[in-house]
Amino acid sequence: MNKNYKDTLNLPKTSFGMRANLAQKEPQFLSRWKEMKLYSRIREARLGKPKYTLHDGPPYPTGDLHIGTGMNKILKDIIVRFQTMGDLDAPFIPGWDCHGLPIEHKVMTELASRAQEMTDSQIRQRCRQFALRYVEANRKQFQSLGCIGDWDNPYLTINPRYESAVLKIFKLMVEKGYIYRELKPIHWCFSCRTALAEAELEYRDREDPSIYLHLPLISPIDRLFPGEETGPASILVWTTTPWTLPGNLATAVHPEFQYVLVTYPDPESKQIRRMIVAEGTLERVARETGVAGYSIVGKVPGRELEGLLYRHPWFDKECPVILADYVNLEDGTGCVHTAPGHGQEDYLSGRKYGLEIISPVDGDGAFTDEVTDLAGRNVLEANEMIVERLRGKGLLLSRQTISHSYPHCWRCHQPVIFRATRQWFVSLTNRGLREKALDEVERVRWVPNWGKSRIRAMLERRPDWCISRQRKWGVPIPVFYCRKCGEILLDPGVIENMIRLFEERGSDCWFELSEEDLLPQDVSCSHCGGRKFKKENDIFDVWFESGSSHRAVVMENSELRYPADLYLEGTDQHRGWFQLSLLLAIATTDQAPFRTVLTHGFVVDQKGEKMSKSRGNFISVEGALKKFPADILRLWFSSVDYRKDIGVSLDLIRKISESYRKIRNTFKYCLGNLSDFKPETDRVPLGEMDEIDRWALQEVEELRDRVTRAYQKFEFHKVYREIHNFSVIQMSSFYMDVLKDRLYTYAANGPERRSTQTALWEITSILTRLLAPILVFTAEEVWEYLRSMTDLEESVHLSLWPAEQPEWRDEGLKEKWDRLLLLRAEALKLLEKYRGEGMIGTSLEAGIVVQVADPEWEHLLKEYEDELPKLFIVSEVEVQPVTKGDFDPAAHATELPGIRLLVGRARGEKCARCWKYSPTVGDFRDHPQLCAQCLEQMAIC
RNA sequence: GGGCCUGUAGCUCAGUUGGUUAGAGCACUGUGCUGAUAACGCAGGGGUCAGUGGUUCGAAUCCACUCAGGCCCA
């Protein structure tokens, strides 16, 4: 009789599919979480618990979210969920940075010429719609990524309350004297009469004069260059913008370069002239200017030239030689004409040396009255006249024409000039702000720790912060000017009034209301007593807005703790949000707004190169979500060390799916074998569990410990690796493989099977929670199955982190099992050899004799002799003690000294039920195909 | 050009204060099983530790330079 013994086995049974089908399931989970108000439920569950505040840095709302922005939110989400499961109250308020040029620029491009007929308010309304549209789209994408948070109440920098908080910060800074107004050069389009941002420039080729000119030295140089030579001496400079020469205030040299004094005969005056140029440029300069027959008189490093005075090329005044390390040898003479009102670097040098910032050019690009004989002339048109004037004065050495790339206006395509205008600044020196910031940096924990030196270096050398922009889409700077005398009205009382107005009506009121309506009743000019004012046209730099979030969001929300526990952004924010938040927080509250700053690298392509749309290697959140479910994306981002740059491609993400399936299959196996397990009734107490199951608990407890530490240190790639390796090594290839015999063939309710099920239950329950912050959907899916077996929280995301189980630790047991596993590896290797030779197929066809000459091993193996067949998954194992050197000649040596192995066919016949070979098969009349063990187990049933 | 950072098998990562033959998982190849089966097991191949030059008895590890890449400046 060939009975179907398969029916007598306890085979795994579960509807938990090998195929995840996440594309369908994820939206279902999302809507269920929404229905059950998961986020609020978590808040209620953690009410009164210690707080943990991760303050979200606001991304810019755009049509195509960079996958890196998605990664950033995923990392934040992992942390928030981990802390929440750690029984902390960790709310997450997402935000968006809605003002700023990119949106204004896009809206203006869309509107094109229609913009001219629209009011500022109308244009701002367009910008608002644009921003809100993308906030909405982005919100959906972040939610699809499985990120949890108060998505119904995010913070937007365009919210009235947020805008008023920006003014609160401004007011405090005005009161403390941080705010001042000063000239600064900016890109200016004189045909549109407007300031232009970097993004509004387009570079085109343009022809300009390229001139070398002498700046006559007044200071004696005999001491620097001792020699017989006399005659007029000069510093030679080069420029392609002769019109900026009236604004010249200094000449910059590099402190480290060598400078030479050169003599040459002037072909016109027949005089010997002397001039200073950088040694490294001399040959080229001579070639370009046609200077022949020169000789070098002497050589000094640039720093010794500092302070020499020369005569201004236009006006009757003296100007100094200064030092600057941006001077290069590639073009020019290594001596750089410096006009602080006409260039960025020039401006910084001007600030450094306390030079005046002059810019005798008006909004139409014409010289002002200060440049007497050129007043009213357009600066670019005046170039030639200036060149001729220099020639007349004998200052011009050479004149050529150069074609070079030059900034033009994005709208009218006319060339742009650098022109100094009045701008608003935050002083870094007032009240020692810079030093205070550097002190606070020391109190913050920077992860990785090099973040500290990075931000220190930036703080140490950054100039005062220019906070004004000549745009419309932003928070207006709440200052006024006296219509009568032009005096600035920068007054805390006035600002206080604006704070109130902004809170009620938003910053739009600035554009909608008249000065009279914006100002309190009794305001008059402190200078002339005038009562009519004009409001400021400038708005705040968007960084001033986002840098105010610590107040607008964290301080003003009682749910959150200030200072925040964590800020987490890319390393670009060391200069951006981290630094500017730090400055504003210190200026207004004397402390850093964060305790820990964690940074991640940039998402780059597979080759490690920058992602950009033009290169075609750009991956958007939307694009990634179309190809992969969120859990796969989350697993991928958890698997890499995000502290460095993250090389990503769709192909790489695809590969992580394999690992996902491994983890998923581990769950499937566990759930399948727990289908008839009820923890309340079937659980076996630790002391009564079999050793192999206690070994498993010991292993999972160690895993829990390592994984918890990794989460605490934000090392999610270690979490991933630990869990994956645990699934593969401890579970799949050993424990779960060995277990099959116990689970399938032993009595369903017998002590062995229940012992193992107890371990599987604990492992599944722990593993699910260890993975919940990363695989938010899959963990929930597993949790549902666990919940059907016993009373558990409604969602895994409401559950608590698996507790430490010290009683599961068993060092003695671990040590013994580690050794048994070493022997197992040797046995398996040998079985493979026999399999290769065709002697066996499945390992159950084999029997093994372990010959042991080592007393310690012998003791261990004798103790576990009955366990060994199970561990090796063979049908029988015999342990044979031998005296040293007396091994069977046929026995195979192993890596373990004193141990040799003999492999042969197992004795007896194959049991039709458990498939093991046993001499007892055939002994039983009713079941001639079964072994004794199976008969026994079936009897228990 | 400057500051900070990165560079270990095809991929993702480990490699204590410098110390045997540089490890793991995945992928790959071969193979077994067919009661985890759109699974699972076993075995195997694969690395000039970016390069060069130093320090040292000894360097993936320390130092210098170079190359490639990233972020932020200029």
Side-chain angles (χ1 to χ4, degrees), chain A residues 5-7 9-14 16-20 254 324-330 344-345 348 448 450-458 460-463 570-576 579 599-611 636 638-641 643-649 651-652 654-659 661-662 664-673 715 717-718 720-729 731-734 736-741 743-745 825 827-836 838 840-845 873 913-915:
Chain A
Y5 290 106
K6 190 167 174 175
D7 295 341
L9 296 172
N10 310 298
L11 293 177
K13 202 169 72 187
T14 179
F16 184 84
M18 189 54 243
R19 249 184 111 171
H254 195 290
D325 51 15
Y326 53 77
V327 172
N328 70 63
L329 300 172
E330 273 72 65
Q344 198 58 239
E345 290 171 329
L348 292 176
W450 49 257
K452 188 204 279 189
S453 45
R454 187 168 157 90
I455 196 165
R456 275 198 73 95
M458 289 171 175
E460 274 163 7
R461 33 169 121 161
R462 70 152 300 143
T571 57
D572 55 335
Q573 302 303 338
H574 281 117
R575 172 159 291 269
Q579 190 198 138
T599 50
H600 56 74
F602 271 69
V603 173
V604 293
D605 74 6
Q606 204 165 0
K607 285 179 249 161
E609 289 177 15
K610 187 189 176 70
M611 264 188 192
W636 155 258
S638 81
S639 76
V640 294
D641 184 353
R643 291 167 297 195
K644 340 180 191 182
D645 287 337
I646 302 104
V648 64
S649 70
D651 203 45
L652 286 174
R654 192 169 300 118
K655 286 181 182 165
I656 204 82
S657 310
E658 297 296 320
S659 305
R661 280 156 55 146
K662 186 75 191 186
R664 187 174 178 85
N665 198 46
T666 302
F667 282 126
K668 178 178 161 67
Y669 177 96
C670 293
L671 293 174
N673 285 298
E715 294 174 330
H717 65 291
K718 289 188 180 164
Y720 164 80
R721 212 181 53 243
E722 289 291 353
I723 293 179
H724 187 255
N725 283 4
F726 179 80
S727 301
V728 172
I729 300 167
M731 291 296 109
S732 192
S733 76
F734 174 59
M736 290 175 7
D737 205 19
V738 165
L739 243 43
K740 283 185 275 189
D741 185 49
L743 288 166
Y744 302 169
T745 74
L828 295 188
K829 204 174 289 186
L830 197 57
L831 287 173
E832 180 65 15
K833 178 177 149 62
Y834 283 94
R835 187 174 291 126
I840 56 165
T842 164
S843 55
L844 286 173
E845 290 166 24
I873 317 184
R913 184 170 175 275
C914 71
W915 293 351

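Every chain is numbered from 1, with letters handed out A, B, ... down the list of sequences.
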Would you mind telling me which residue lines up with the more 5' stretch of RNA chain B, A/Met458 or A/Trp636, judged by nearest nucleotide?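 Going by which nucleotide is closer to the 5' end, it is A/Trp636.
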Whichever of A/Gly601 and A/Ala825 has its nearest RNA chain B nucleotide further upstream toward 5':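 It is A/Ala825 whose nearest nucleotide is closer to the 5' end.
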Once you apply a heavy-atom cut-off of 4.0 Å, does [X] come out as touching a base, just sugar-phosphate, or nothing?
| X | value |
| --- | --- |
| A/Arg575 | sugar-phosphate |
| A/Lys833 | nothing |
| A/Glu345 | sugar-phosphate |
| A/Gly841 | sugar-phosphate |
| A/Thr842 | sugar-phosphate |
| A/Arg461 | sugar-phosphate |
| A/Leu9 | base |

Less than 4.5 Å apart, any side-chain heavy atom of A/Leu652 and any of A/Gln606?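 SC-SC contact between A/Leu652 and A/Gln606 confirmed.
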Tabulate atom names and distances for all N/O pairs under 3.5 angstrom spanning the protein and nucleotides 27-30 of chain B.
residue: B/rG30; atom: N2; partner: A/Glu832; partner atom: OE2; Å: 3.4

State which residues pass salt bridge (charged side-chain N to carboxylate O under 4.0 Å, His left out) with [X]; sequence neighbours excluded, sorted by chain then number.
| X | answer |
| --- | --- |
| A/Lys662 | none |
| A/Asp605 | none |
| A/Asp651 | A/Arg654 |
| A/Asp641 | A/Arg643 |

Looking only at atom types and distance, does a side-chain atom of [X] sit under 3.5 Å from a main-chain N or O of [Y], one as donor and one as acceptor?
| X | Y | answer |
| --- | --- | --- |
| A/Arg664 | A/Gly17 | yes |
| A/Arg462 | A/Gln579 | no |
| A/Ser639 | A/Tyr720 | no |

Where the side chain of [X] is defined as all heavy atoms beyond and including C-beta, which of [options] is the nearest nucleotide?
| X | options | value |
| --- | --- | --- |
| A/Trp915 | B/rA38, B/rA74, B/rG35 | B/rG35 |
| A/Thr745 | B/rG35, B/rU31, B/rC72 | B/rG35 |
| A/Phe602 | B/rA74, B/rC71, B/rA36 | B/rC71 |
| A/Tyr326 | B/rA74, B/rC26, B/rA14 | B/rA74 |
| A/Arg835 | B/rG25, B/rU31, B/rC71 | B/rU31 |
| A/Ile729 | B/rG25, B/rC40, B/rA39 | B/rG25 |

Evaluate whether the aromatic ring of A/Tyr744 and the six-membered ring of the B/rG35 base sit under 5.5 Å apart, centre to centre, with an inclination under 30°.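 Given the distance and angle limits, no, they do not stack.
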Considering only atom [atom1], compute the distance from [N] to [M] and round it to an integer number of Å.
| N | M | atom1 | result |
| --- | --- | --- | --- |
| B/rG46 | B/rG10 | C1' | 9 Å |
| B/rU52 | B/rC67 | P | 15 Å |
| B/rG18 | B/rU61 | C1' | 6 Å |
| B/rA60 | B/rC73 | C1' | 32 Å |
| B/rU16 | B/rC11 | P | 22 Å |
| B/rG23 | B/rC49 | P | 14 Å |
| B/rG44 | B/rA38 | C1' | 26 Å |
| B/rC40 | B/rU48 | C1' | 38 Å |

Decide yes or no, distance alone: a donor-acceptor N/O pair under 3.5 angstrom between the base of [N] and the side-chain of [X].
| X | N | answer |
| --- | --- | --- |
| A/Asn665 | B/rA36 | yes |
| A/Arg643 | B/rC5 | no |
| A/Arg454 | B/rC4 | yes |

Under 4.0 Å between a side-chain N/O of [X] and OP1 or OP2 of [N], yes or no?
| X | N | value |
| --- | --- | --- |
| A/Lys668 | B/rA36 | no |
| A/Ser733 | B/rC40 | no |
| A/His717 | B/rA14 | yes |
| A/Lys452 | B/rC4 | no |
| A/Lys662 | B/rC26 | no |

Grab the [atom1]-[atom2] distance between [X] and [N] for me, whole Å please.
| X | N | atom1 | atom2 | result |
| --- | --- | --- | --- | --- |
| A/Lys644 | B/rG70 | NZ | C1' | 13 Å |
| A/Asn725 | B/rG15 | CG | P | 14 Å |
| A/Ile840 | B/rU31 | CD1 | C1' | 12 Å |
| A/Arg661 | B/rG25 | CZ | P | 20 Å |
| A/Arg654 | B/rU12 | CZ | C1' | 17 Å |
| A/Lys740 | B/rU34 | NZ | P | 11 Å |
| A/Asp641 | B/rU8 | CG | P | 12 Å |
| A/Asp572 | B/rC4 | CG | C1' | 13 Å |

I'd like to know whether A/Lys829 forms a salt bridge (charged side-chain N to carboxylate O under 4.0 Å, His left out) with A/Glu832, so could you lay out the CA-CA distance, the side-chain angles of the two residues, the decisive distance to 0.1 Å, and finally the verdict. CA-CA 5 Å; A/Lys829 204 174 289 186; A/Glu832 180 65 15; over 6 Å; no
Side chain to side chain contact (heavy atoms under 4.5 Å, CB included) involving [X] - partner list, sequence neighbours excluded:
| X | result |
| --- | --- |
| A/Leu11 | A/Lys6, A/Leu9, A/Tyr744 |
| A/Pro463 | A/Leu348 |
| A/Lys668 | A/Thr14, A/Phe16, A/Met18, A/Asn665 |

Answer yes when A/Arg575 and A/Asp572 have at least one side-chain N-carboxylate O distance shorter than 4.0 Å, and no when they do not.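 A salt bridge is absent here (no side-chain N lies under 4.0 Å from a carboxylate O).
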Enumerate all atom pairs, one protein N or O and one N or O from nucleotides 67-69 of chain B, separated by less than 3.5 Å.
residue: B/rG69; atom: O2'; partner: A/Gly608; partner atom: O; Å: 2.3

